[in-house]
Amino acid sequence: MSNVPTEEPERRHFQAKRALFAVCLALLAATLVTLGTWQVERLAWKRDLIARVEERVHASPVPAPARSDWDKVNAVDDEYRRVTVAGTLANDKETLVYASTALGPGHWVMTPLMLADGTAILVNRGFVPTNKRDPASRREGQLPGPIAITGLMRMTEPKGSLLQSNDVAADRWYSRDVAAIAQKRGLSAVAPYFIDADAAANPGGLPVGGLTVIHFPNNHLVYAITWYGLAAMVLALLVFIFRGKIGTGGRE
């Protein structure tokens, strides 16, 4: 007795499952290629960003954006721009923000620079070690009178760090949140950015400026190769299926 009628539905069912598996593989391959292409685009964007930042940090300083231009300030166009500004440091309103630097743990000294037009810009004057957090221990660096500051524009860091939130009530700071610091110190008309002061020496050696770390992780090429490699493996598997090398169970 022939068993063809019994085998035919089974064969068609197997072929349908294999076709569905092939479609899933094709969709997976397309997704992996899309991810690889996205990483290539990110690579181009990251290289352009690095080039722009390198150009900014080595350019001649320009005047810091005045109040009339504050609404135009943004990270894409202004982060790490080298600027200069003149004013008077409000040393009695400085804020210490926890910092971990090449010089060890300590604090950034964030001091409002009061401008002639009544506005203020927070200036990260630089690093002080933990044993010098008390302003009385570094009086020479508490500069009185008009002063010119040159440094890099930085964008506000709201709420805190990845590991620790700012405790405004307790005056413990883990990020340079311009708006929160300004409110805590009773300041108004404060620029929405801050300035990292350059390495110009301060009397007494503190704070230590010029410690801005500019580093942009750039692993996009590795990610692109990984995604494209996985896509190639999936496509190879798909080719084997269509050639009937695997999964046929000897039925074809």
Look only at the side chain of [X] and the backbone of [Y], and say whether a donor-acceptor pair between them is shorter than 3.5 Å.
{"X": "Asn166", "Y": "Val168", "result": "no"}
{"X": "Asp69", "Y": "Lys72", "result": "no"}
{"X": "Asn124", "Y": "Met110", "result": "no"}
{"X": "Arg67", "Y": "Ala120", "result": "no"}
{"X": "Thr88", "Y": "Met114", "result": "no"}

Tell me every residue that passes side chain to side chain donor-acceptor pair (under 3.5 Å) with [X], counting only those two or more places apart in sequence or in another chain.
{"X": "His220", "answer": "Gln39, Lys46"}
{"X": "Arg185", "answer": "Thr95, Asp171"}
{"X": "Arg154", "answer": "Glu79, Asp196"}
{"X": "Asn219", "answer": "none"}

Which other residues belong to the hydrophobic cluster containing [X], where Ile, Leu, Val, Met, Phe, Trp and Tyr are joined when side-chain heavy atoms lie under 4.5 Å apart, directly or via other members?
{"X": "Tyr174", "value": "Tyr98"}
{"X": "Val213", "value": "none"}
{"X": "Val123", "value": "Val62, Trp70, Val73, Val83, Val85, Leu89, Leu113, Leu115, Ile121, Leu143, Ile147, Ile149, Met153, Met155, Tyr193, Ile195"}
{"X": "Val23", "value": "Leu27"}

State, yes or no, whether a side-chain contact exists between [X] and [Y] at a heavy-atom distance under 4.5 Å.
{"X": "Arg82", "Y": "Thr150", "answer": "yes"}
{"X": "Asn202", "Y": "Pro207", "answer": "yes"}
{"X": "Asp77", "Y": "Asn74", "answer": "yes"}
{"X": "Asn91", "Y": "Arg125", "answer": "yes"}

Give, for atom [atom1] of [X] and atom [atom2] of [Y], the distance between the pair rounded to the nearest 0.5 Å.
{"X": "Arg56", "Y": "Asp78", "atom1": "CZ", "atom2": "CG", "answer": "6.5 Å"}
{"X": "Lys132", "Y": "Leu96", "atom1": "NZ", "atom2": "CG", "answer": "13.5 Å"}
{"X": "Asp92", "Y": "Gln142", "atom1": "CG", "atom2": "CD", "answer": "9.5 Å"}
{"X": "Lys159", "Y": "Asp177", "atom1": "NZ", "atom2": "CG", "answer": "9.5 Å"}

Between [X] and [Y], which heavy-atom pair has the shortest distance, and what is it?
{"X": "Ala189", "Y": "Gly118", "answer": "CB-O, 4.3 Å"}
{"X": "Ala224", "Y": "Gly36", "answer": "CB-O, 3.7 Å"}
{"X": "Ser161", "Y": "Ser175", "answer": "N-CB, 4.1 Å"}
{"X": "Val57", "Y": "Glu54", "answer": "CG2-O, 3.4 Å"}
{"X": "Pro158", "Y": "Thr156", "answer": "CD-O, 3.3 Å"}

As a quick check of understanding, evaluate side-chain contact (heavy atoms from CB on, under 4.5 Å) for Ile181 and Phe194, giving each step before the final call. CA-CA 11 Å; Ile181 291 174; Phe194 65 92; over 6 Å; no
Between Arg138 and Glu94, does at least one N-O distance fall below 4.0 Å, as a salt bridge requires? yes
Would a hydrophobic clustering, with Ile, Leu, Val, Met, Phe, Trp and Tyr connected at side-chain separations under 4.5 Å, put [X] with [Y]?
{"X": "Leu230", "Y": "Ile225", "answer": "no"}
{"X": "Val178", "Y": "Leu187", "answer": "yes"}
{"X": "Ile214", "Y": "Phe127", "answer": "no"}
{"X": "Tyr223", "Y": "Leu28", "answer": "yes"}
{"X": "Leu35", "Y": "Val40", "answer": "no"}

Any side-chain hydrogen bond (donor to acceptor under 3.5 Å, both in side chains) pairs touching residues 227-236, not counting sequence neighbours? Thr37-Tyr228
side-chain hydrogen bond (donor to acceptor under 3.5 Å, both in side chains): pairs with one or both residues in residues 108-117, sequence neighbours excluded: Asp117-Thr119
Test of understanding: with salt bridge (Lys or Arg N to Asp or Glu O under 4.0 Å), list the residues that count as partners of Asp134, not counting sequence neighbours. none
Using the test salt bridge (Lys or Arg N to Asp or Glu O under 4.0 Å), find all partners of Arg52 that sit at least two apart in sequence or belong to another chain. Asp48
